[in-house]
Amino acid sequence: MKDFTFEQIVTHLKTSGYVFQGSEIYGGLSNTWDFGPLGASLKKNIKLAWWKKFIQEDLNNVGIQSAILMNPEVWVATGHLANFSDPLIDCKHCKSRYRADQLINQVTNGTVNTDEMKDDDMVRYIRENNIACPKCGAHDFTDIRKFNLMFKTFQGVVEDASSAVYLRPETAQGMFVNFKNVQRTMRKKLPFGIGQIGKSFRNEITPGNFIFRTREFEQMEMEFFCKPGDDDYWYPYWRQFCMDWLLKLGLTEENLRFRDHTPQELAFYSKGTADIEYKFPTISWGELWGIADRTDYDLKRHMDHSKQDLQYLDPYTNEKYVPYCVEPAVGVERLFLAFVCDAYDEEILTRADGKQDTRIVMHLHPALAPIKAAVLPLTKNETEKAKEVYAQVVKYYDAVYDESGNIGKRYRRQDAIGTPFCITVDGDTANDGSVTVRFRDSMEQERVRIEDLKEFIGSRIEF
RNA sequence: GCGGGUGUAGUUCAAUGGUAGAACUUUAGCCUUCCAAGCUAACCACGCGGGUUCGAUUCCCGUCACCCGCUCCA
């Protein structure tokens, strides 16, 4: 029924104070985006909503905030330092780009084990076996160019190898390396989860689709630890929990689906991985949320490399074991985009004079709306009273005050940015102490006493 | 990174080898007063840097950014 293009929605976000191009006055910087006042508020609300359901309201779970910069050994342990760099080669003839290991695997049908090969070995293998470009058949490849997906920088004043550090490519490792700290200080028994929200950085080869894939992004991840075997219960549990959360916040069911990874797709350490995908306008299905059964892979790797014992002593059975872990990981910007795409609508209205005009409305869940309420004096006679009401409302909720233009225009402005409630102060307000609340979605109105506004709004932004 | 396309006010579109017009938006005022009305003003642009030229927004080169295709994933 709704049929808008991705571009339409992006334009609206850019022109209404949600998202700006990064470093715009300097001509921008590729694939960087800044969040304006509304975008920052929406992001904040998404994160609050996640934290509330996944951490605050869940007896088992706790939240942390770990450092972006970590000891580089962490990335040795996880394999990011070795494997996160793709060995890329280009065909000089037709300019196609391949991953050297995949090219060899493809041509040899996997009979050659590239895992053990170094870059030079692969280049030599390609040359000696006269491997041709699958596209154009030429035998003219560039050397391998390493493309490490981790951002590298230096800590301290000296830029040498010993001071190299990396911006984390995922927040997960902050949870794994703090497993013992959290378990001990919070006196946690299995099962329990550690969650966090924070920025991650990946030097993606191909970012794009607006804020869908960027090199700097924010993740909301949880590592849920349980007894080996119990993951058979918890993996589907969290898989469904994440979906329910999205539905509760108003995403359209038809635009959501699970995509379970096939056995061939699974990372070797994973017992199961499911993506929750969202159907974006124009760009269609894209991954929103990954829920993975990571077994004991990460903790074991860290045990090996750190020489620390990360086993859990089960107080009921006195068994010692390395917990299994289920990880729901979601990108904030992607969620942002999904919520906004789902909420965007243009309605055709017929005006009093018979002319038609278009109302842009963002039907965001009130819990997510960047501005909860706009306080509007009906005429300039009510500005003083309206400012008083505004001062009361803004103590509890994100609110704006607007007195410019006629009342209908001000309603429309709020519709376009997704404000669920407009509070209109009129001539009667001073006498009866009440205001008109106008609803974004239905455009209906209700009279509310000023002292009831806090509860009135509060009960409607709950989810 | 490679190939293809695009680049004029905040937005959507014009025009032009002699430095740009409009609509909507925004701001102020009048009028009206519960759904983008009307009137009067104001503000605002040739992505950036070179070259050719007496003169470049226009032609050429480079660069930057965005969009579409090849890889990855939240």
Side-chain angles (χ1 to χ4, degrees), chain A residues 6-8 10-12 14-17 20-32 84 86 88-99 102 135 142 145 147 149 169-172 199-200 202-214 217-221 267 273 275-278 282-283 286-292 327-338 347 349-360 376-382 404-416 422 424-427 435-438 440 443-445:
Chain A
F6 194 68
E7 201 185 346
Q8 263 179 299
V10 170
T11 299
H12 184 245
K14 285 179 177 171
T15 54
S16 61
F20 306 124
Q21 162 126 58
S23 315
E24 194 178 74
I25 64 167
Y26 285 99
L29 176 66
S30 179
N31 291 287
T32 59
F84 237 52
D86 295 335
L88 299 174
I89 58 166
D90 296 329
C91 170
K92 288 183 190 168
H93 186 248
C94 72
K95 311 291 184 196
S96 298
R97 168 167 289 180
Y98 303 97
R99 268 178 59 172
Q102 287 182 351
K135 254 219 188 94
T142 62
R145 279 180 298 176
F147 197 90
L149 287 158
E170 59 177 26
T171 61
K199 292 252 175 145
S200 292
R202 288 182 200 169
N203 210 351
E204 301 278 357
I205 309 166
T206 310
N209 281 332
F210 192 45
I211 58 172
F212 184 76
R213 181 178 288 119
T214 51
F217 61 104
E218 200 158 13
Q219 294 185 296
M220 305 193 286
E221 291 193 296
T273 299
D275 294 337
I276 296 177
E277 298 186 326
Y278 180 79
T282 311
I283 60 177
E287 183 189 344
L288 220 51
W289 213 320
I291 300 103
E327 174 198 82
V330 63
V332 180
E333 290 83 358
R334 286 186 179 185
L335 270 181
F336 180 109
L337 201 52
E347 294 173 9
L349 300 178
T350 307
R351 282 202 309 241
D353 60 9
K355 287 185 195 155
Q356 295 208 316
D357 83 283
T358 307
R359 167 174 101 122
I360 295 178
L376 318 168
L378 184 60
T379 76
K380 300 266 159 124
N381 297 327
E382 289 90 26
S404 111
N406 66 46
I407 192 69
K409 195 164 194 166
R410 283 178 275 160
Y411 286 155
R412 298 299 177 80
R413 274 201 276 258
Q414 298 306 320
D415 292 338
C422 285
T424 306
V425 175
D426 58 26
V435 292
T436 301
V437 176
R438 177 265 194 190
R440 175 196 64 198
M443 296 172 70
E444 282 167 5
Q445 303 183 345

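Order of the sequence lines fixes the chain letters, A, B, ..., with proteins taken first and strands second; residue numbering starts at 1 for each chain.
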Report task. Check whether any side-chain heavy atom of A:Pro207 sits under 4.5 Å from a side-chain heavy atom of A:Thr214, and report yes or no. Result -> no

Query raised in the report: For A:Asn406 and B:A37, is the shortest distance between a side-chain N/O and OP1 or OP2 below 4.0 Å?
Result: yes

Report task. Kindly point out which of B:U33, B:C35, B:C72 is positioned nearest to the side chain of A:Glu204? Result -> B:C72

Query raised in the report: In whole Å, what separates the C1' atom of B:C67 from that of B:C24?
Result: 25 Å

Query raised in the report: For the pair made of CG in A:Asn381 and C1' in B:U32, what is the distance, rounded to whole Å?
Result: 12 Å

Query - Donor-acceptor pair under 3.5 Å, A:Arg410 side chain vs B:C35 base - result: no

Query - Separation of the C1' atoms in B:U53 and B:C60, to the nearest angstrom - result: 12 Å

Query - For A:Asp415, the option from A:Lys409, A:Arg440, A:Arg359 that meets salt bridge (charged side-chain N to carboxylate O under 4.0 Å, His left out) - result: A:Arg359

Query - C1'-based separation of B:C43 from B:U58 [nearest Å] - result: 27 Å

**Report entry** Verdict with supporting geometry, A:Glu382 and A:Thr379, side chain to side chain donor-acceptor pair (under 3.5 Å)
**Finding:** CA-CA 6 Å; A:Glu382 289 90 26; A:Thr379 76; 2.8 Å; yes

Query raised in the report: How far, in whole Å, is B:A56 from B:C68 if one measures between their C1' atoms?
Result: 31 Å

**Report entry** Sugar-phosphate only, base, or nothing, as touched by A:Ser404 at under 4.0 Å among non-hydrogen atoms
**Finding:** sugar-phosphate

**Report entry** Atom P, compared across B:C46 and B:U19: separation rounded to whole Å
**Finding:** 15 Å

Requested in this report: Produce a footprint string for nucleotides 62-68 of chain B: one letter per nucleotide, 5' end first; B if the base is under 4.0 Å from any protein heavy atom, S if only the sugar-phosphate is, - if neither.
Outcome: --SSSSS

Query raised in the report: Rounded to whole angstrom units, what separation is found between the CG atom of A:Asp415 and the P atom of B:C34?
Result: 18 Å

Report task. Round to a whole Å and report the spacing from CD1 of A:Ile25 to P of B:A45. Result -> 15 Å

Query raised in the report: Partner of B:U40 by Watson-Crick or G-U wobble geometry, both contacts under 3.5 Å, or none?
Result: B:A28

Query - Integer-rounded Å distance: B:A37 C1' and A:Arg412 CZ - result: 11 Å

Report task. Could you grab the distance from atom CZ of A:Phe20 to atom CD1 of A:Ile25, nearest 0.5 Å is fine? Result -> 13.0 Å

Query - Residue whose closest nucleotide on RNA chain B lies nearer the 5' end, A:Glu327 versus A:Asp426 - result: A:Asp426

Query raised in the report: Between OG1 of A:Thr424 and OH of A:Tyr411, what distance do you get to the nearest 0.5 Å?
Result: 3.0 Å

Report summary line: With A:Asp426 as partner, the option from A:Thr436, A:Ile407, A:Leu376 fulfilling side-chain contact (heavy atoms from CB on, under 4.5 Å) is A:Thr436

Report summary line: Across every strand shown, the nucleotide meeting Watson-Crick or G-U wobble geometry with B:C72 (both distances under 3.5 Å) is none

**Report entry** For atom NE2 of A:His12 and atom C1' of B:A36, their distance in whole Å
**Finding:** 13 Å

Report summary line: Between OH of A:Tyr411 and C1' of B:C35 the distance, given in whole Å, is 7 Å

Report summary line: Rounded to whole Å, CG of A:Leu349 lies from C1' of B:C34 at a distance of 15 Å

Report task. Given side-chain contact (heavy atoms from CB on, under 4.5 Å), test A:Trp289 with A:Arg334 step by step and report yes or no. Result -> CA-CA 9 Å; A:Trp289 213 320; A:Arg334 286 186 179 185; over 6 Å; no

Query raised in the report: Closer than 4.0 Å, any side-chain N/O of A:Arg413 to the OP1 or OP2 of B:C35?
Result: no

Requested in this report: Could you check whether A:Thr273 gets within reach of a base, just the sugar-phosphate, or nothing at all, counting any heavy atom under 4.0 Å?
Outcome: nothing

Requested in this report: Can you tell me, in whole Å, how much space there is between the C1' of B:U16 and that of B:C64?
Outcome: 26 Å

Query raised in the report: From B:A74, B:C34, B:U26, pick the nucleotide closest to the side chain of A:Arg334?
Result: B:A74

**Report entry** Backbone N/O of A:Ile211 and side chain of A:Glu333: donor-acceptor pair under 3.5 Å
**Finding:** no

Report task. For nucleotides B:A42 and B:G3, find the distance between their C1' atoms and express it as a whole number of Å. Result -> 47 Å

Query raised in the report: In Watson-Crick or G-U wobble terms, both distances under 3.5 Å, what is the partner of B:G7?
Result: B:C64

**Report entry** Quiz item: A:Arg202 side-chain donor-acceptor pair to B:C73 base, under 3.5 Å
**Finding:** no

Query raised in the report: Counting any heavy atom closer than 4.0 Å, what does A:Glu287 reach on the DNA or RNA strands: base, sugar-phosphate only, or nothing?
Result: base

Report summary line: Nearest heavy-atom approach of A:Gln21 to A:Leu29 is NE2-O, 4.3 Å

Requested in this report: Mark this stacking check for A:Phe217 against B:A74 as yes or no, applying ring centres under 5.5 Å and ring planes under 30°.
Outcome: yes

Query raised in the report: When the nearest nucleotide of RNA chain B is assigned to A:Thr15 and to A:Ile360 on a heavy-atom basis, which residue is associated with the more 5' position?
Result: A:Thr15

Query raised in the report: How long is the gap from CZ on A:Arg412 to CE on A:Met443, to the nearest 0.5 Å?
Result: 5.5 Å

Report summary line: Using Watson-Crick geometry (N1-N3 plus N6-O4 or O6-N4) or G-U wobble (N1-O2, O6-N3), each under 3.5 Å, B:U57 is paired with none

Requested in this report: Measure the distance from CZ on A:Arg359 to P on B:A37 and round it to the nearest whole Å.
Outcome: 15 Å

Report task. With a 3.5 angstrom cut-off on both distances, give the Watson-Crick or G-U wobble partner of B:U52, or none if there isn't one. Result -> none

Report task. Sort out the partner of B:G17 for me: Watson-Crick or G-U wobble, both distances under 3.5 Å, none otherwise. Result -> none

Query raised in the report: What interatomic distance, in whole Å, is found between C1' of B:C44 and the corresponding atom of B:A22?
Result: 14 Å

